[in-house]
Amino acid sequence: MLACLLFLVYTIAAAWVAGLCASALIHRVVGVPADVQHPTITVLTGLCFIAVLLQPFHLFHAIDSWAHLYIWVILALMWWFTKRYHSALKWELGNSGYVLLAITVVAACINASGRAGTGDIGDYHLQAIRWMEEYAAVPGLGNLRRQLGNNSNWFLLHSFTGLHFTDLRSVYTLNTVLLISGIAFFIPQSNDPFLKLKTVILLYLSAMAYRKYVGAVTNDYAITVYTLVFWSWLYMQQSMNAARVLLIACITLCMITFKLSAIAGAVIPLWLYITSADKRKLTVSLAMVALLILIPWLYTTYIHSGYFVYPLAQTGFLNPDWQMPAEQLKFERDINIANERVPGIDVAAVLAMPFTTWFPLWLQKLDYFSMILLLAGLTAGIFHVIQFAQRKKPHKLHALFISVTAVALVIWFTQAPAIRFVFGVLVFFIAYTFQSVSFTGIRSPGNTLIHYVCVAVFVAGSMVFLNQTKTP
């Protein structure tokens, strides 16, 4: 527990410094004065920046103590180079908000230190991290185990923040940083104009605090929290300048390197660029950012599997001698689709099923939590259809959020329809819809009440979790 807390503090401190440097660099590149920034945006941006810096390092060296020296030297130089552009931080919490944040830290440490690794989490996820901790990028690694052909920068960050050279290799706190950062961002402030949106997402994060995603190393949770935070941040902005557009583009590209399923989010920076008045400033900057983030990621994936994008066989045109066989790629794709549609049944049999056969079986496998999310998302969709039919004037970003949600859900459902892949998209869509609804005559709950409801959810979750993990 103590080691978990120390690792947590170190990770947040490193991400905070990296985030300030990255934000300052963005503002300096586009020539826009620094603005006020929420600490959560700084920390999550910093994690992305560290991942970008680690990519070229990992091509030649394992992620060990030298990686930490490498990162801190670069951050020190960047701090001096960009000190005139550092953003001011703004964060207002009442007493009840601090209580909720303290409870969040305790819950995060309990989950991270008491969560056993099972399934994919305890299998190839941890294997991938251990390979990064011990070796530089290994040619043909996917031939040892097909899932290791995947290349996720989220696992690269875990290998950095896990501090394995301290011999405390079972402590990985990166996903707990996401929980704490997410809760901090969505705690409502006094007279908050986005109270309804924040309340929905805050309750969701509180309810998820003791689920396996927080105490594990899975990259699904990273996509969930990044989606919730940065889509909400975009919605809350009164105006968009070149620096904010470039920041959204950087975060979106990094999310894709965390997990390929985040690719639907690319619609957002593309739309912001097309509608921007600062195209001249943005064109070269966006091209450079895309190259710096994607080229090392694509090349590392190529080293692991022989394909630039795994598991797309079309990207293996160079045919290196360590390339994974094409039938392995096909099996990887087929088994992912089959297991998420109807688990426990022969892969070929599931793939041969028509939609009318596998869809009812898929619904039966959903837990109550996932079913509630789907029903709420469907209700939100019906609401927006009615709004469109009545031709009511939408929010300026309404069409963007509807479009990117639709694209994300289509990609999700036609590929591997695991509900965890779209938690972030669904919850944001529900919260955004709730924010759009006007409740005439109904008084909004106070911030203090919302905070203590979330505390109650945390306490209930801790009792259930500790009861499940206690030694017989």
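- Between the Thr40 side chain and the Ser181 main chain, a donor and an acceptor come within less than 3.5 Å of each other.
- In this structure a side-chain-to-backbone donor-acceptor pair under 3.5 Å is missing from Asn153 to Trp297.
- The distance from atom CD1 of Ile187 to atom CD1 of Ile201, rounded to the nearest 0.5 Å, is 13.5 Å.
- Residue Thr433 holds its OG1 atom at 8.5 Å from CZ of Phe428, rounded to the nearest 0.5 Å.
- Within the 4.5 Å cutoff, the side chain of Tyr70 has no heavy atoms near those of the His61 side chain.
- Applying the ring pair (Phe, Tyr, Trp, His ring centres under 6.0 Å) rule to Phe308 yields the partners Tyr302, Phe317; only residues at least two apart in sequence or on another chain are considered.
- In this structure, Trp79 contributes its side chain and Cys21 its backbone to no donor-acceptor pair below 3.5 Å.
- At least one donor-acceptor pair under 3.5 Å links the side chain of Gln435 to the backbone N or O of Pro193.
- No more than 12 heavy-atom neighbours from other residues, nucleotides or ligands sit within 6.0 angstrom of CE on Met288.
- No donor-acceptor pair closer than 3.5 Å links the side chain of His58 to the backbone N or O of Ala67.
- Contact annotation: the side chain of Thr166 approaches that of Phe7 to within less than 4.5 Å [non-hydrogen atoms, C-beta and beyond].
- Note: Phe160 CZ to Met132 CE = 14.0 Å, rounded to the nearest 0.5 Å.
- Environment of OH in Tyr273: crowded, with over 12 heavy atoms of neighbouring residues, nucleotides or ligands closer than 6.0 Å.
- Enclosure of atom OH in Tyr135 is not indicated, since only 12 or fewer non-hydrogen atoms of other residues, nucleotides or ligands lie within 6.0 angstrom.
- In terms of the ring pair (Phe, Tyr, Trp, His ring centres under 6.0 Å) criterion, Trp233 has no residue partners (sequence neighbours excluded).
- Checked against side-chain contact (heavy atoms from CB on, under 4.5 Å), Pro296 has the following partners two or more places apart in sequence or in another chain: Gln55.
- Sorted by first and then second residue, the ring pair (Phe, Tyr, Trp, His ring centres under 6.0 Å) pairs involving residues 240-270 (not counting sequence neighbours) are Trp154-Phe258, Tyr226-Phe258.
- Between the Ser23 side chain and the Leu20 main chain, no donor and acceptor come within less than 3.5 Å of each other.
- In Trp72, the CH2 atom is crowded: over 12 heavy atoms of neighbouring residues, nucleotides or ligands sit closer than 6.0 Å.
- Looking only at distances, a side-chain donor or acceptor of Arg28 sits under 3.5 Å from a matching main-chain atom of Phe81.
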Starting from the C-alpha separation in whole Å, work towards a yes-or-no answer on side-chain contact (heavy atoms from CB on, under 4.5 Å) for Leu8 and Ile180.
CA-CA 10 Å; Leu8 196 62; Ile180 295 168; 3.5 Å; yes
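- Across Val289 and Cys250, no two heavy atoms sit closer than the pair CG1-SG, 3.4 Å.
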Could you walk me through whether Leu272 and Leu282 pass the side-chain contact (heavy atoms from CB on, under 4.5 Å) check?
CA-CA 10 Å; Leu272 292 175; Leu282 284 171; over 6 Å; no
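- Val29 pairs by the side-chain contact (heavy atoms from CB on, under 4.5 Å) definition with Leu25, Ser285, not counting sequence neighbours.
- Taking the side chain as every heavy atom from C-beta outward, Phe230 and Thr45 approach each other to under 4.5 Å.
- Put simply, the side chain of His158 never gets that close to the backbone of Ile129: no donor and acceptor are under 3.5 Å apart.
- Here CD1 of Ile372 is found 9.0 Å from CG of Asp367. Values are rounded to the nearest 0.5 Å.
- A donor-acceptor pair shorter than 3.5 Å can be found between the side chains of Tyr10 and His68.
- Within the 3.5 Å criterion, the main-chain N or O of Leu156 finds a donor-acceptor partner in the side chain of Ser159.
- For the pair Leu234/Met240, a side-chain contact is recorded, criterion being any heavy-atom separation below 4.5 Å from C-beta on.
- The CD1 atom of Ile256 sits 9.0 Å away from atom CD1 of Ile223, with the distance rounded to the nearest 0.5 Å.
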Does the side-chain contact (heavy atoms from CB on, under 4.5 Å) test come out yes or no for Leu260 and Tyr310, once each step is laid out?
CA-CA 9 Å; Leu260 192 58; Tyr310 183 86; over 6 Å; no
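- At a threshold of 4.5 Å between non-hydrogen side-chain atoms, the residues Asn175 and Val217 do not count as touching.
- Scored by the side-chain contact (heavy atoms from CB on, under 4.5 Å) test, Gln323 finds Tyr307, Asn319, Pro320 as partners (sequence neighbours excluded).
- A distance of 11.5 Å separates OG of Ser206 from CZ of Phe186, quoted to the nearest 0.5 Å.
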